[in-house]
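Sequence lines set the chain letters: A, B, ... in the order given, protein chains first and strands last, and positions in each chain run from 1.
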Number of protein chains: 2
Amino acid sequence: MAMTFEGLLADRSRWRTDDCSIGKAMDVIGTRSAILLIREAYYGTTRFDDFVERVGITDAVAAARLKQLVAAGILEKRPYQEPGKRTRYEYVLTRMGEDLLPAVLALMQWGDTYLQPEGGPLTVVERVTGSPVTIRPRGRSGDDLGLDDLAIVSNDDWVAARQAQAAQ
Amino acid sequence: MAMTFEGLLADRSRWRTDDCSIGKAMDVIGTRSAILLIREAYYGTTRFDDFVERVGITDAVAAARLKQLVAAGILEKRPYQEPGKRTRYEYVLTRMGEDLLPAVLALMQWGDTYLQPEGGPLTVVERVTGSPVTIRPRGRSGDDLGLDDLAIVSNDDWVAARQAQAAQ
DNA sequence: CATCTGGCTATGGGACCACCAAGTCAGAGG
DNA sequence: CCTCTGACTTGGTGGTCCCATAGCCAGATG
């Protein structure tokens, strides 16, 4: 019921992950409002008022969080103008923001399963077929993988191993 | 660059997701310490001291967060006894906790890509083949899906559609 | 010009998070 | 018994998150 460690990592007492990517990710999107704003962006929302209205947070929080997400590179501020109105800005996802989709969807899937009595209000499906979407770790073979199927390698080891392989 | 909505959901101004699973999930695991403790559990850690030591948080925070994770059903407290020592408790993942793996891994993958100058210290690989693990939304066909390939249906609609299909 | 509106910014307050430091408490070893 | 240790618990401070209310400001409308 756990991952295994390879190479130098095997002795668990000799290393610690201070610069863990999960921790860094949580520093950027670790608040409720940040994730909900990103969810709204996936739903196609781009304008300030719509974010405030649909996420259900105050404008002050929305302004602060949107600014922070732009600074982090997850959203981009882009000018637009409706006829007869002044120039305003809308917030659109960058590539970096789009690439958070797996994490957000995985969280939603888990919440649907374990935190909702009736399986959650919304379901994500494949647009063309209408069949439900799943999100799981997967190896090269395409099989779903569980905890016991996974191993951790230090990045240095891994890069070195690939280079050795390529050199053959 | 966004999901599409089907059925009654198409008119975006007529509904709001107050009981969103993502929000509920964030209420349970929305802190840095909670996610890092779960990560450690995936790495095989079960004991209090090891959690404190390896996550790099204070014992006070670890105690509070572990208690909360047990209450949420993500970890389970289980007695153990080493010879010559008194009974102690260890913390092991429940099924609910294991099922968070996709979310945590997706977050790690994203962090490795965008928040680490050199691609992150650790890499998750398939144990038997050593090939890297990916995690993406996937349809029934097995293809990776992007934002534009996804659609949202209301759960009621979806259940009704399935029933109608089954009745044919 | 004066007004109105959409999109912020500022201020204050309550809750929570994390840190550090100190205290408690059960039982094994002496 | 006394001490020591592992596993917490308690207390205090600083920072962040969110809410609520109020203010500001650019420009289209009157």
With a cut-off of 3.5 Å and sequence neighbours excluded, list every side-chain donor-acceptor pair involving residues 68-76 of chain A.
{"residue": "A:Gln68", "atom": "OE1", "partner": "A:Arg65", "partner atom": "NH1", "Å": "2.7"}
{"residue": "A:Glu76", "atom": "OE1", "partner": "A:Arg78", "partner atom": "NH2", "Å": "3.2"}

Write down the distance between OH (A:Tyr89) and P (D:dA26), rounded to a whole number of angstrom.
-> 13 Å
I'd like a list of close polar pairs between nucleotides 26-30 of chain C and the protein, N/O only, cut-off under 3.5 Å.
{"residue": "C:dA26", "atom": "O4'", "partner": "B:Arg86", "partner atom": "NH2", "Å": "3.4"}
{"residue": "C:dA26", "atom": "N3", "partner": "B:Arg86", "partner atom": "NH1", "Å": "2.9"}
{"residue": "C:dA28", "atom": "O3'", "partner": "B:Gly84", "partner atom": "O", "Å": "2.8"}

Is it true that B:Asp27 and A:Arg32 have a side-chain N and a carboxylate O under 4.0 angstrom from each other?
-> yes
The contact string for nucleotides 9-15 of chain C, one letter per nucleotide 5' to 3', using protein heavy atoms under 4.0 Å with B, S and - for base, sugar-phosphate only and none, comes out as BB-----
A:Glu40 with B:Arg12: basic N within carboxylate O range, under 4.0 Å = yes
Is the distance between the ring centroids of B:Phe5 and A:Tyr43 under 6.0 Å?
-> yes
What parts of residues 26-41 of chain B reach DNA chain C, counting only heavy atoms under 4.0 Å away?
-> B:Thr31, B:Arg32, B:Ser33
For B:Lys77 and D:dG6, what is the distance between atoms NZ and P respectively, to the nearest whole Å?
-> 17 Å
Short side-chain donor-acceptor distance under 3.5 Å, B:Asp50 and B:Thr45 | no
Degree of bending, the helix from C:dC1-D:dG30 to C:dG30-D:dC1 (end axes from five pairs; round to 10°) | 10°
Just compare C:dC8, D:dG6, C:dC20 and give me whichever is closest to any side-chain atom of B:Thr58.
-> C:dC20
Side-chain N,O (A:Tyr80) to OP1/OP2 (C:dG6) below 4.0 Å = no
Please give, in whole Å, the distance from D:dA7 C1' to B:Ile57 CD1?
-> 14 Å
Within the side chain of A:Asp148, is there an N or O that forms a donor-acceptor pair under 3.5 Å with the backbone of A:Ala2?
-> yes
Could you pull out all residues at least two apart from A:Arg86 that satisfy side chain to side chain contact (heavy atoms under 4.5 Å, CB included)?
-> A:Arg88
Taking only the side-chain heavy atoms of A:Tyr91 (C-beta and beyond), determine which of D:dC8, C:dC17, C:dC8 contains the nearest atom.
-> C:dC8
